[in-house]
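One structure below.
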Amino acid sequence: MQERYDPAAIESAAQADWAAHRADVADENAAGEKFYCLSMFPYPSGRLHMGHVRNYTIGDVLSRFMRMQGRNVLQPMGWDAFGLPAENAAMANGVPPAKWTRDNIAYMKRQLKSLGLSIDWSREVATCDPDYYKWNQWLFLRMLEKGVAYKKTGVVNWDPIDQTVLANEQVIDGRGWRTGALVEKREIPMYYLRITGQADALRDALDGLEGWPERVRAMQANWIGRSHGVDVDFPYADDTTALLGNAGKLRVFTTRADTLMGATYVAVAAEHPVALAAAAGNAALAAFVEECRQGSTMEADLATQEKKGMPTGLHVLHPLSGERLPVFVANYVLMAYGEGAVMAVPAHDERDFEFAQKYGLPMRTVIASKTGAYSEVVAPWVDAYGEHGITVNSGAFDGLESSAAVDAIAAALAAKNLGQKRVQFRLRDWGISRQRYWGCPIPIIHCPSCGDVPVPDKDLPVRLPEDLLPDGSGNPLAKSAAFLHCKCPTCGGDARRETDTMDTFVDSSWYFIRYACRDNAEAMVDARVDYWLPVDHYIGGIEHAILHLLYARFWTRVMHDMGLVRVAEPFSNLLTQGMVLNHIFHRTPAAGRREYFNPADVDLAVDPATKQSRATLKSDGSEITYEGLGTMSKSRNNGVDPNSLTEKYGADTARLFMMFTAPPEQSLEWSDEGVLGANRFLRRVWKAVFDHVSGGSPVSLDAASLDAADKDLRRIAHQTLSKVKDDIGRRRIFNTAIAAVMELMNAIGRHAGEGPQARAVRQEALEIAVLCLSPIVPHITHALWQALGQAEPLYRVRWREADPSALTQDLVEVVVQVNGKLRGRISVSPDAANEVVEAAALADANVQRFLEGKPPRKVIVVRGKLVNIVA
RNA sequence: GCCGGUGUGGCGAAACUGGUAGACGCAGCAGACUCAAAAUCUGCCAUGGGCGACCAUGUGUCGGUUCGAGUCCGACCACCGGCACCA
């Protein structure tokens, strides 16, 4: 064994060893219960960033640990390879997106391999490969047949920078999720997937996803937005019937049917047909309707916008009382939600209240609080009473608790055929058409005589030409004659291909399914899928809490309903890893753009007097501004390149630092000193093994002939085994597991015995330390395991269970409290009777001092832990 | 406004089921080794008091339950994230 720890040599040797013995390949016929460990696959942007390193290290530690526990582990990797950056790079460099993407994949794959990840590369998937996206197209056609996919022309979110449509999920604060550009409204025909058809199932199943973080479940529930309510029809009054030419009804949706008897008017959205009809003969109203439609699309603005409205001059009839109620157009009613019309109950709804007060409309109290705190809305009006309570002023429905009133009123409406209970969702169908080149072609042919014709299965995949170069003006597919022109599969006449491609979130909605059967050229899935799914542990960033994780759940459900996969929910456990943060420094010159400095070039010190941080440039000592911590990003120049880290210290140091510095779900602050500390620990472990093996081969351990110091070390070693197993296996936290091994290493360092049994105990303790560290730092432990004289290579070694006899102690320390405060410590036999422990506690001098000679009122003994004496 | 999360030393954090608050590490200080520096090793390291054994205080704030509260309950404060004229 070499004295010096040389990570580069050790790591390449270990990686070569694993590759030669195919240690990472997953086999569905292998023994052991399966464990599918999945990390979110990367977009091949060019290079790995620290977020990737953290994500994949977590997955790898878990995979290696589970393999040691005897589980049959699958850890695959692939590439989310379609998307806009490739087109932008193509425009900048003149290289086709296909080549740019595949070059990036090759580079990043090398980077991943250098991290020592135990990935089964034989299952690698890139979504831009025709043998992958063929099945996007195939399933899309099945969805069309079942009505799960459909075409519709509607108002869509248009990103003017990326020149494409965005799904609702991809619009954040009125801006494109990628570009940050203000989203415009456009009317475009496109394909939708009926995710609303699964809304109930997706919402219900959330409650069963106990392995998911609460906040992700909450965010999805929020997004799906299920509300239980009642559709209420307000029959047209004579004036409305006259204008619209029929005796129809105005339908509204309400979650507060218990307040129906308090409705004093009805409000409709500006785009509502009744509003449009009324505006046709009313110039002032037409102007107002137009004003509403042109209003800001930014939702943040909408929330603070003043409530405005205008009477239509029309009326409807209250469905139960028959009262004539005016119909208003109001800017606070959204056409896109519910029926685009609401019944207004000013006494019990904040928005209606504000509107009614402004326009002098009547208010009628129909709910009183159960406690009597609120009984009636009276002048001067202050606020609406929006709580649930007991119905009043509601005729036959008086005296009911809100939920009972909803039931009674819904029943009364149903009897008159003027309403029924209904569930309303916030979730909208998923529009998947994108007017972009670098994506999966939608397999449709437009024929002048036959219309939209699906591409026959035998002609799949519709291949994306890989040699086109986007120029920034529209979709190059629409300008490629070879792609565009084709024959109609039905009539054989000249036809045109659909040039829209699929949203890239389609590609990532099922890649984890394809890993299980990626070499199957005949079918999308096979029996191996049912073996591996569901994913036992999924690891990725919180930023996908809604988008990707909701789409993947939907897609899996669709495949489940078609009988393609057995599971309905794809991910049993979800770990959302925290972000990697670093300091941000900048300087704003008098003229020109703000300049960001990489933390590696800056000295950061805290002034002890003022406690202010002071940042100076290493190059010239000039002072710059410290912004605090933020996510590593190119734009703020605070990234750390994983390559520089692995080249300087090795992959094991990088892995150890990431896993030790913070628990996986929390954000991780970058620290050069922390990296150094991780490296220092590995060097210490190396040296401890070197010093030990330099003393020659140990004798075999004889547990009966150990002295007290040997027993102590042996106990600590076996405690470490069970602690590390529990931390990684059950709690999924790695920092405390590493801390436990550090404690063991400290104990080994303190253990000074020179005899053969002392050496045997140290041998065992070092073996245990190496075993416990092996999932986290697989390379160095691979080498150390050999150095400790082990014939079986570490990647095949199973976990050791703690020896119960090693854990026993002759004496245990018990804490003595007086009135809950620590006053002393005693050593007693672990199976001493409570009376004996109590007597020893009372005999302690400091305890006696606090008792002041008085007899204790009560003594509580917690066996093996503490004694509390109540004075 | 609604939903979710987080508040612990100079810093990252630990304390899992109510039972020794601050494990482990970083930084710092002192010492050893060295011609010297780096590296390495040893010791100290919540705050205040005491030579010391120890004592008092201390987990965002206020109150409660308990023999005992960072942990449970109630009210609040701050920060982070998500959603939002959603009827």
Side-chain angles (χ1 to χ4, degrees), chain A residues 172-173 213-223 225-227 229-230 232 252-256 259 267 269 299-307 330-334 336-345 349-352 354-355 386 424-426 542-543 545-546 606 608 611 657 660-663 665-678 680-681 683-684 687 723 726-727 730-731 733 735-743 745-746 749 813-825 845-846 849 856-860 862 864-871:
Chain A
I172 293 146
D173 290 337
E214 186 54 41
R215 71 177 165 149
V216 176
R217 293 201 277 170
M219 280 163 76
Q220 290 214 355
N222 217 331
W223 187 265
R226 178 162 65 186
S227 23
V230 178
V232 183
V252 307
F253 176 76
T254 179
T255 54
R256 290 299 303 273
T259 65
E299 289 170 352
D301 288 350
L302 287 174
T304 53
Q305 201 173 299
E306 195 190 350
K307 311 244 170 323
N331 66 347
Y332 71 90
V333 182
L334 306 176
Y337 187 79
E339 301 293 330
V342 299
M343 68 176 205
V345 186
D349 180 276
E350 201 63 49
R351 295 153 304 177
D352 299 343
E354 195 185 318
F355 189 86
Q424 167 74 33
F425 292 93
R426 208 188 78 95
I542 185 71
E543 65 273 20
I546 295 174
V606 178
K611 301 234 166 166
F657 167 72
F660 176 64
T661 305
E665 312 236 42
Q666 267 179 50
S667 58
L668 180 147
E669 283 179 35
W670 188 261
S671 145
D672 289 328
E673 292 79 16
V675 174
L676 225 53
R680 186 180 303 144
F681 175 69
R683 289 201 311 266
R684 278 178 52 208
K687 184 167 187 304
K723 164 91 176 144
D726 189 53
D727 281 352
R730 180 179 64 89
R731 301 173 70 201
I733 52 175
N735 52 331
T736 51
I738 295 165
V741 183
M742 287 175 168
E743 286 186 73
M745 289 309 300
N746 291 342
E813 187 186 79
V814 169
V815 162
V816 185
Q817 298 180 334
V818 177
N819 291 332
K821 294 197 186 232
L822 175 67
R823 298 301 178 194
R825 295 162 203 273
N846 203 38
R849 202 156 65 81
R857 283 198 286 159
K858 193 175 172 187
V859 179
I860 290 128
V862 182
K865 280 224 148 143
L866 67 72
V867 179
N868 189 18
I869 298 162
V870 186

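Hydrogens, waters and symmetry mates are skipped; everything else that's a heavy atom, side chains included, is used. Chain naming here is simple, since letters A, B, ... match the order of the sequence lines and numbering starts at 1 in each.
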Heavy-atom side-chain proximity of A:Val867 to A:Arg823 below 4.5 angstrom: no

Could you work out which one of [options] sits closest to the side chain of [X]?
X        : options                : answer
A:Phe253 : B:rA23, B:rC16, B:rA87 : B:rA87
A:Arg731 : B:rC85, B:rA15, B:rA14 : B:rA15
A:Asp727 : B:rG19, B:rG5, B:rC16  : B:rC16
A:Glu669 : B:rA87, B:rG19, B:rG12 : B:rG12
A:Lys307 : B:rC85, B:rC54, B:rG19 : B:rC85
A:Thr254 : B:rC85, B:rG12, B:rA87 : B:rA87
A:Glu673 : B:rC26, B:rG25, B:rC86 : B:rC26
A:Glu214 : B:rA87, B:rG19, B:rG5  : B:rG5
A:Val862 : B:rU20, B:rG5, B:rG19  : B:rG19
A:Leu334 : B:rC85, B:rA14, B:rG5  : B:rC85

[X] side chain near [N] phosphate (N/O to OP1/OP2, under 4.0 Å):
X        : N      : result
A:Arg680 : B:rC41 : no
A:Gln424 : B:rC86 : no
A:Arg426 : B:rC83 : no
A:Asn746 : B:rG25 : yes
A:Arg823 : B:rC55 : yes
A:Lys821 : B:rU57 : yes
A:Ser227 : B:rA87 : yes

To the nearest Å, give me how far apart [atom1] ([X]) and [atom2] ([N]) are.
X        : N      : atom1 : atom2 : value
A:Asp349 : B:rA84 : CG    : C1'   : 14 Å
A:Arg226 : B:rC86 : CZ    : C1'   : 15 Å
A:Ile733 : B:rC24 : CD1   : C1'   : 12 Å
A:Leu822 : B:rA69 : CG    : C1'   : 16 Å
A:Asn735 : B:rA13 : CG    : C1'   : 7 Å
A:Leu676 : B:rA39 : CG    : P     : 8 Å
A:Asn222 : B:rC3  : CG    : C1'   : 6 Å
A:Arg215 : B:rC79 : CZ    : C1'   : 14 Å

When you compare [N] with [M], how far apart are their [atom1] atoms, in angstrom units rounded to a whole number?
N      : M      : atom1 : answer
B:rG58 : B:rU47 : C1'   : 8 Å
B:rC54 : B:rG60 : P     : 28 Å
B:rA21 : B:rG7  : C1'   : 16 Å
B:rA14 : B:rU6  : P     : 12 Å
B:rC41 : B:rC26 : P     : 10 Å
B:rG9  : B:rU71 : P     : 15 Å
B:rA13 : B:rG52 : C1'   : 33 Å
B:rU8  : B:rU65 : P     : 27 Å

For RNA chain B, which ranges pair as stems of 3 or more consecutive Watson-Crick or G-U pairs, with both donor-acceptor distances under 3.5 Å? B:1-7 with B:77-83, B:10-12 with B:24-26, B:28-32 with B:40-44, B:46-49 with B:54-57, B:60-64 with B:72-76

Are A:Asn846 and A:Arg825 linked by a side-chain donor-acceptor pair shorter than 3.5 Å? no

Kindly say whether A:Ala871 contributes a backbone atom to a donor-acceptor pair with the side chain of A:Asn819 at under 3.5 angstrom? yes

Measure from the side-chain N and O atoms of A:Arg256 to the backbone N and O of A:Gly386, and report whether any donor-acceptor pair falls under 3.5 Å. yes

Looking at every strand, decide which applies to [X] at a 4.0 Å heavy-atom threshold: base, sugar-phosphate, or nothing.
X        : value
A:Ser671 : nothing
A:Phe681 : nothing
A:Pro213 : nothing
A:Gly677 : sugar-phosphate
A:Val333 : base

Interatomic distance, OG1@A:Thr259 vs CE@A:Met343, rounded to 0.5 Å, equals 3.5 Å

Atom NZ of A:Lys307 and atom CD of A:Glu350: how far apart are they, to the nearest 0.5 Å? 8.5 Å

Holding to side chain to side chain contact (heavy atoms under 4.5 Å, CB included), I want the full list of residues that pass it with A:Val862, two or more places apart in sequence or in another chain. A:Ile860, A:Lys865, A:Leu866

For the pair A:Glu354 and A:Tyr332, evaluate side chain to side chain contact (heavy atoms under 4.5 Å, CB included) and give the outcome as yes or no after the intermediate values. CA-CA 11 Å; A:Glu354 195 185 318; A:Tyr332 71 90; over 6 Å; no

Glycosidic conformation of B:rG9, syn or anti, with 90° from 0 as the boundary? syn

Going through the checks in order, is the side chain to side chain contact (heavy atoms under 4.5 Å, CB included) test met by A:Arg215 and A:Ile542? CA-CA 10 Å; A:Arg215 71 177 165 149; A:Ile542 185 71; 3.6 Å; yes

With nearest nucleotides of RNA chain B determined for A:Val870 and A:Asp352 from heavy-atom distances, which residue corresponds to the more 5′ nucleotide? A:Val870

Would you kindly compare A:Arg825 and A:Asn819 by the position of their nearest RNA chain B nucleotide and give the one closer to the 5′ end? A:Arg825

With A:Asp727 via side-chain hydrogen bond (donor to acceptor under 3.5 Å, both in side chains) - residues at least two apart: A:Lys723, A:Arg731, A:Thr736

Would A:Phe657 and A:Trp670 satisfy side chain to side chain contact (heavy atoms under 4.5 Å, CB included), going step by step from the backbone distance to the final call? CA-CA 9 Å; A:Phe657 167 72; A:Trp670 188 261; 3.5 Å; yes

